[in-house]
Each structure stands twice: as C-alpha cells, then as structure tokens.
Colleague: 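Dropping a structure here in structure tokens format, bear with me for questions.
Below, read A as the first sequence line, B as the second, and so on, with proteins coming before strands; counting in each chain starts at 1.
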Number of protein chains: 2
Amino acid sequence: MDENSKYKELLNREGIKSTRHRNAILELLEESEFPQTAEQLFITLREKTASIDLSTVYRTLDTFASKNLVIKSNRVDDGKALYELNHNEHKHHILCVGCHKLISIEDCPIGELKQTLKNKIDFDITGHKLEIYGYCHDCKKYKLPPGNHDNL
Amino acid sequence: MDENSKYKELLNREGIKSTRHRNAILELLEESEFPQTAEQLFITLREKTASIDLSTVYRTLDTFASKNLVIKSNRVDDGKALYELNHNEHKHHILCVGCHKLISIEDCPIGELKQTLKNKIDFDITGHKLEIYGYCHDCKKYKLPPGNHDNL
DNA sequence: ATGCAAATGCAAGGCAGTTGCATTTGGCGA
DNA sequence: TCGCCAAATGCAACTGCCTTGCATTTGCAT
C-alpha cells in the first residue's frame with residue numbers, strides 16, 4: 001500500500017474507508033480528462049488493477065457522488081450515467097460536431113439567470129447542465145451538416 | 001375517424017401513414033405542456049383511447065423524433081427519455097428535483113456566450129442544450145432529498 | 001491481535017427500452 | 001368499392017444498464 005493512500009485522508013474526511021478499489025477509482029478519475037461511464041471505468045480498472053466487480057464500481061461512484069466527490073450526470077444522447085471528479089471548479093464543454101473534439105470553457109452564463117429565477121418564481125437552482133454544439137475553427141470551413149442539435 | 005385526421009396531412013407530408021395511434025399520440029403531445037415520458041403517455045393513452053402497446057408508443061415516438069416532429073431528450077436526474085412536440089420555438093425548462101415538476105422559462109443565457117466564444121476561440125455555436133434543476137417554491141421548505149417524489 | 005461495521009463479490013433481480021415475428025390495418029390501384 | 005401489400009401494431013421475449021440481497025472479506029479503532 002504505497003502512495004495510493006494519498007487519498008486516505010480525503011476519504012476519511014468524508015467518513016468513509018480508504019480501500020484499494022476506492023483509491024484506484026479516484027486515481028483513475030483524476031487521470032480522466034472527461035466524464036466516463038461506469039463501464040469505461042470498470043474496463044480500465046480490470047486492466048490495471050486486478051479484479052473488481054461492476055457493482056462495486058457503481059456503488060463506489062454513487063457513494064462518491066453522495067459525498068460530492070464526483071459529479072454524476074447523464075449523457076444527452078443515450079442517457080447513460082457519466083461520472084467525473086468534482087474539482088469544484090465550474091466549467092462546461094463545447095462539442096465540435098465536425099470533428100467531435102471537446103473543448104473546455106470557463107464561461108458560465110447561469111449566474112444571472114439564477115438570481116432572476118429566484119426573484120421571479122422563487123426557484124432555487126442547485127445545479128445545471130449545459131451542452132453546446134457547433135463548429136470549431138478548423139471544421140467550420142468544411143461546413144459539414146450538423147446533427148439533430150438544432151434550436152437557437 | 002372524425003377530425004382526428006387533422007394530423008393526416010402532417011403525417012403524409014413526412015411519408016408515414018396516419019393511424020389511430022399516431023393521431024392520438026400527436027393529439028396528446030399537443031395537449032401536453034411539458035415533455036412526457038413514454039410511460040406517462042402510455043398510461044394516458046390507455047385511459048382515453050382503448051388499447052395500445054407500450055412498444056408502439058416507443059416506436060411511434062422514435063419515428064416522430066426521426067422526422068423531427070418531436071424532440072427526444074433525457075431527464076437530468078434519472079436519465080429517462082422525455083418526448084415533446086417540436087414547436088421550433090426556443091425555450092428551456094427547469095426541473096424541481098423534489099417533485100419532478102417542470103417549469104418553462106423563456107430566458108436563454110446563451111446569446112452573449114455565443115459572441116464571446118466566437119471572438120475568443122473562433123467557435124461557431126449551432127445549438128445547445130440547457131438543463132437546470134433545483135427546488136421549487138413548494139419543495140424547498142420540505143428540504144426533501146432529490147428523488148422521485150412525483151406529485152408531492 | 002481482535003472484533004465489528006463497512007466494503008466487496010457474486011448472482012439474481014428490476015426497470016426502461018428494443019426486437020422478432022405473426023397479425024392487422026391504411027391507403028393505393030384496379 | 002374491393003383487394004392487395006407494405007407499413008403499423010400487439011405480444012412476448014429479450015437486452016442493457018443498473019441495483020439489491022446476502023455471504024464473505026477487509027479496514028481500522030481499540
């Protein structure tokens with residue numbers, strides 16, 4: 001049990017045990033640039049760290065989500081659950097529908113809306129999901145047809 | 001077959017047959033203020049228009065979606081598929097995670113961001129999807145944890 | 001080291017959605 | 001109006017994603 005236990009303090013702070021699997025999952029999530037499905041994580045875990053059960057992956061991720069260590073969301077097109085580390089930094093991705101590249105942006109336009117809604121209809125926003133599609137610098141010149149991501 | 005066939009032209013224009021079920025589903029969607037799950041639609045259909053099979057509901061909705069007559073999306077918290085008529089008007093909903101109520105808002109905060117991104121990284125936004133969730137006026141006082149407290 | 005609650009593996013189960021196939025139906029042409 | 005045929009539907013079985021019950025193992029406080 002080398003330096004894997006660098007997550008131990010983090011986990012103990014949340015009142016849960018530090019285990020081999022939990023450390024491995026945290027490590028893997030830390031390496032992941034984008035949200036992953038449970039199965040993607042499961043497969044990678046099987047490859048690098050001996051055996052783990054899929055139900056353990058789900059249970060661990062849900063535990064982490066309940067502690068706000070990870071953020072669980074659902075993929076727009078097929079509804080599969082996605083998990084990513086909660087860096088407590090707020091950011092969104094924009095997807096280029098030409099080359100499928102994901103680009104991170106720090107801009108978030110929800111701030112004002114939050115206050116507006118609170119005043120208008122007394123609604124407390126606790127979270128949101130924003131997905132933006134379009135063409136990146138490189139792809140716009142090819143003018144590929146967009147998918148069914150219209151509106152706007 | 002009374003005036004239900006008011007949808008006939010619409011369906012024929014898309015190259016598909018006008019049937020009892022399809023008319024009923026279109027009518028129901030037209031009456032629905034918010035996106036519905038397939039099962040909600042199924043139950044309502046069973047109540048008003050004799051028998052229909054759940055698979056027919058799914059197949060019909062998918063057909064409509066492929067013709068862009070309806071918009072299919074996924075509920076943020078549980079990933080269930082939602083279907084709504086495509087009115088080609090731009091609007092967003094906010095979801096109360098306490099009671100699952102959906103509230104329409106006309107505000108759309110993407111406008112400015114669109115220009116910002118164009119200037120900053122030369123990205124052309126062609127579409128987006130925004131999902132907002134939180135607690136509505138009625139639910140915030142109960143401080144219910146997120147979950148399926150439909151029809152509180 | 002020991003004991004116990006928490007974590008895990010395993011297998012079965014649950015639920016949303018899909019599919020294969022036999023039957024029915026809409027709509028066109030005769 | 002009739003009959004035909006592809007399209008639509010019902011039915012039941014099935015898939016995939018995820019959850020749960022229970023027996024076993026493991027982390028960690030003492």
Colleague: Once you apply a heavy-atom cut-off of 4.0 Å, does B/Arg59 come out as touching a base, just sugar-phosphate, or nothing?
Modeller: base

Colleague: So does A/Lys8 get a side-chain nitrogen or oxygen closer than 4.0 Å to the phosphate oxygens (OP1/OP2) of D/dC28?
Modeller: yes

Colleague: Closer than 4.0 angstrom, basic N to acidic O: yes or no for A/Asp62 and A/Arg59?
Modeller: no

Colleague: Which one, D/dT9, C/dG27, D/dC28, comes nearest to the side chain of B/Thr19?
Modeller: D/dT9

Colleague: Expressed in angstrom and rounded to an integer, what is the separation of B/Asp78 atom CG from C/dA16 atom P?
Modeller: 9 Å

Colleague: Checking B/Gln36 side chain against B/Phe34 main chain: does a donor-acceptor pair fall under 3.5 Å?
Modeller: yes

Colleague: Hey, are B/Thr56 and B/His21 close enough side-chain-wise for a donor-acceptor pair under 3.5 Å?
Modeller: no

Colleague: For B/Leu11 and C/dC28, what is the distance between atoms CG and P respectively, to the nearest whole Å?
Modeller: 13 Å

Colleague: side-chain hydrogen bond (donor to acceptor under 3.5 Å, both in side chains) with B/His92: which of B/Glu131, B/Lys129, B/His128?
Modeller: B/His128

Colleague: Just how far, in rounded Å, is P of C/dA7 from CG of A/Leu61?
Modeller: 14 Å

Colleague: Please state how far atom CG in A/Leu82 lies from atom C1' in D/dC17, giving the value in whole angstrom units.
Modeller: 13 Å

Colleague: Taking only the side-chain heavy atoms of A/Lys17 (C-beta and beyond), determine which of D/dC28, C/dA16, D/dT9 contains the nearest atom.
Modeller: D/dC28

Colleague: Could you tell me the separation between the CZ atom of A/Arg20 and the P atom of D/dT26, rounded to a whole number of Å?
Modeller: 8 Å

Colleague: Before you tell me yes or no, could you show the steps for A/Asn23 and A/Glu27 under side chain to side chain donor-acceptor pair (under 3.5 Å), namely the whole-Å CA-CA distance, both residues' side-chain angles and the distance that decides it to 0.1 Å?
Modeller: CA-CA 6 Å; A/Asn23 293 332; A/Glu27 190 171 31; over 6 Å; no

Colleague: Could you tell me how far apart B/Ile16 (CD1) and C/dC28 (C1') are, to the nearest whole angstrom?
Modeller: 18 Å

Colleague: Does the side chain of A/Thr60 get closer than 4.0 angstrom to OP1 or OP2 of C/dT8 through an N or O atom?
Modeller: yes

Colleague: Within the structure shown, what part of the strands sits under 4.0 Å from A/Ser51 by heavy-atom distance: base, sugar-phosphate, or nothing?
Modeller: sugar-phosphate

Colleague: Taking the side chain of B/His21 as its heavy atoms from C-beta onward, which of C/dG9, D/dG27, D/dT9 lies nearest to it?
Modeller: D/dT9

Colleague: Is a salt bridge present between A/Lys114 and A/Asp124, judged by a nitrogen-to-oxygen distance below 4.0 Å?
Modeller: no

Colleague: Round to the nearest Å and state the distance from A/Asp53 atom CG to C/dA11 atom P.
Modeller: 9 Å

Colleague: Please report the shortest heavy-atom distance between B/Leu54 and B/Ala38, naming the atom on each side.
Modeller: CD1-O, 4.3 Å

Colleague: Tell me the bend of the helix from C/dA1-D/dT30 to C/dA30-D/dT1 as the angle between end helix axes, each from five pairs, rounded to the nearest 10 degrees.
Modeller: 30°

Colleague: From C/dC10, C/dT18, D/dC18, pick the nucleotide closest to the side chain of A/Lys80?
Modeller: D/dC18

Colleague: Kindly indicate whether the side chain of A/Ser55 and the base of D/dC18 share any N or O donor-acceptor pair separated by less than 3.5 Å?
Modeller: no

Colleague: Given atom CD of B/Glu9 and atom C1' of C/dG26, what is their separation to the nearest angstrom?
Modeller: 17 Å

Colleague: Which nucleotide, D/dC18, C/dA7, D/dC28, lies nearest any side-chain atom of A/Tyr58?
Modeller: D/dC18

Colleague: Could you tell me whether B/Asp62 contacts a base, only the sugar-phosphate backbone, or nothing, with contacts defined as non-hydrogen atoms closer than 4.0 Å?
Modeller: sugar-phosphate

Colleague: Considering only heavy atoms, which members of residues 34-45 of chain A lie under 4.0 Å from some atom of DNA chain D?
Modeller: A/Glu39

Colleague: For A/Glu30, look at atom CD and say whether over 12 heavy atoms of other residues, nucleotides or ligands are found less than 6.0 Å away.
Modeller: yes

Colleague: Going from CD1 on B/Ile25 to OG1 on B/Thr60, what distance comes out if it is rounded to the nearest 0.5 angstrom?
Modeller: 4.0 Å

Colleague: Considering every strand and a 4.0 Å limit on heavy-atom distances, what is the contact class for B/Ile52: base, sugar-phosphate, or nothing?
Modeller: sugar-phosphate

Colleague: Counting heavy atoms not belonging to A/Glu31, are there more than 12 under 6.0 Å from its CD?
Modeller: yes

